[in-house]
Participant: 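Pasting a structure below so you can have a look.
Both backbone and side-chain heavy atoms feed into the values below; hydrogens, waters and symmetry mates do not. As the structure is a computational prediction, the values presented were derived from the model and not from experiment.
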Amino acid sequence: MAWLAFAGALRAAREASTGLRSSRVPDAERPAGPGLRDRALAHTGLAARTLLDRLAALPPGPAGPEPPGDRPQVLRAVRDAARETADLLRGRAPAGDAHAELLRARTAMAAGPAADASPGVLRRHAVLLEAADAALAMSTGAGIAVRGRAGAARAAPGRFWYAGKRTPQLWWWRLWGHAGSWSVFFQNAVRLGLALAAARVIAGVDTLPGHCSWLFCWRWWGPTSRCTRRRWRR
């Protein structure tokens with residue numbers, strides 16, 4: 001029964017991770033704008049997907065007593081941070097500060113396991129670190145999306161670079177990113193323009209004899225060439 005429950009939870013986590021893809025979100029609800037809130041929501045969704053993937057790939061714990069800093073501290077802190085993030089996005093006031101607790105557990109775990117730890121313990125430790133980092137990013141992104149720049153006080157430098165930018169600056173970064181040759185949108189626009197131009201040239205060359213014949217008939221039988229035909233017959 002425990003294995004069936006674990007398999008069901010694993011399947012639910014993978015389905016939830018797939019449902020958070022931007023392509024699965026309706027256009028009217030997709031946070032795709034250049035503003036602070038949309039960027040933070042997109043960042044929160046990406047961090048939530050990473051967290052679900054890491055938890056689904058978490059190796060089983062070793063037999064016997066668990067290593068220090070493993071399940072009791074980190075996984076419980078990740079769970080509390082996920083609940084706090086859900087309450088924050090739903091408009092509820094968090095009861096505590098799960099983000100700070102997770103940050104303390106993550107800092108304590110950064111020292112790593114013992115030097116003689118087995119490869120399984122090392123792999124589990126690495127996955128737990130990634131899960132903790134993803135949960136911290138998810139919590140921070142949700143705080144910025146709900147509280148605005150006031151929620152960026154706990155943001156890690158570099159990762160949430162947009163938290164300190166003004167709205168005109170974010171719009172300029174978006175426009176500049178789409179105007180350069182490195183932009184996928186710009187490259188697709190160039191490809192589409194070249195394809196349409198080539199199709200128009202091919203269509204014009206293929207119908208050129210028809211256009212010339214119609215032009216000859218119009219010039220020969222049109223009203224402007226009656227005098228010319230009379231002179232030619234004479």
Side-chain angles (χ1 to χ4, degrees), residues 13-55 78 80-94 96-100 102-103 106-107 129-200:
R14 288 174 177 171
E15 291 177 356
S17 176
T18 304
L20 287 173
R21 291 180 178 271
S22 59
S23 59
R24 299 294 184 90
V25 180
D27 294 341
E29 303 176 4
R30 185 181 306 167
L36 179 66
R37 185 174 183 274
D38 284 352
R39 288 180 182 270
L41 285 177
H43 204 157
T44 303
L46 179 61
R49 284 187 56 207
T50 305
L51 175 60
L52 290 171
D53 291 341
R54 292 295 88 198
L55 292 177
V78 168
D80 295 340
R83 289 178 176 175
E84 183 183 77
T85 302
D87 292 339
L88 190 63
L89 293 175
R90 291 168 180 163
R92 304 171 187 169
D97 194 357
H99 182 95
L102 177 58
L103 184 59
R106 165 64 174 85
T107 304
L129 283 178
E130 292 178 352
D133 289 339
L136 287 172
M138 179 183 66
S139 177
T140 305
I144 296 174
V146 174
R147 302 190 183 103
R149 291 178 177 83
R154 58 179 61 176
R159 178 176 294 182
F160 297 91
W161 60 270
Y162 53 86
K165 303 293 183 181
R166 297 181 179 180
T167 302
Q169 290 177 311
L170 295 177
W171 274 95
W172 169 251
W173 276 106
R174 175 62 60 85
L175 294 174
W176 173 253
H178 288 339
S181 59
W182 56 82
S183 172
V184 176
F185 294 96
F186 180 81
Q187 295 174 6
N188 291 339
V190 171
R191 294 191 188 99
L192 181 61
L194 292 177
L196 291 176
R200 186 67 186 90

Participant: Determine all donor-acceptor pairs shorter than 3.5 Å in which one atom belongs to a side chain in residues 31-43; sequence neighbours excluded.
Facilitator:
| from | atom 1 | to | atom 2 | distance (Å) |
| --- | --- | --- | --- | --- |
| D38 | OD2 | G33 | N | 3.1 |
| R39 | NE | P34 | O | 2.9 |
| H43 | ND1 | Y162 | OH | 3.1 |

Participant: What's the shortest heavy-atom distance between A142 and T44, and which atoms?
Facilitator: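 Scanning both residues, the minimum pair turns out to be N-OG1, 3.0 Å.
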Participant: Is the backbone N or O of A81 less than 3.5 Å from a side-chain atom of T85, with the two atoms forming a donor-acceptor pair by type?
Facilitator: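 Side chain of T85 to backbone of A81: a pair is present.
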Participant: Can you tell me how far the CZ atom of R159 sits from the CG atom of L136, to the nearest 0.5 Å?
Facilitator: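 The distance works out to 8.0 Å.
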Participant: Give me the atom names and distance for the closest heavy-atom approach of L170 to K165.
Facilitator: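 Closest pair (atom of L170, atom of K165, distance): CD2-CB, 3.6 Å.
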Participant: Assess whether atom CH2 of W171 is packed by more than 12 heavy atoms of other residues, nucleotides or ligands within 6.0 Å.
Facilitator: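 Count not over threshold, so no.
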Participant: Could you state the interatomic distance from CG (L103) to CG (D133), rounded to the nearest 0.5 Å?
Facilitator: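 Reported to 0.5 Å precision, the distance equals 10.0 Å.
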Participant: If you take all heavy atoms of A163 and I144, which pair is closest and at what distance?
Facilitator: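 That would be CB-CD1, 3.9 Å.
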Participant: Write down the atom of A82, the atom of M138, and the distance for their closest heavy-atom approach.
Facilitator: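 So the two residues come closest at CA-CE, 3.8 Å.
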Participant: Report the distance from atom CG of L129 to atom CZ of R106, rounding to the nearest 0.5 Å.
Facilitator: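 It is 4.5 Å, given to the nearest 0.5 Å.
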Participant: So, for R147 and L88, which heavy atoms are closest and what is the spacing to 0.1 Å?
Facilitator: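 Residues R147 and L88, closest heavy atoms: NH2-CD1, 3.7 Å.
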Participant: Rounded at 0.5 Å granularity, tell me how far CG in D97 sits from OG in S139.
Facilitator: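 Nearest 0.5 Å value for the CG-OG distance: 8.0 Å.
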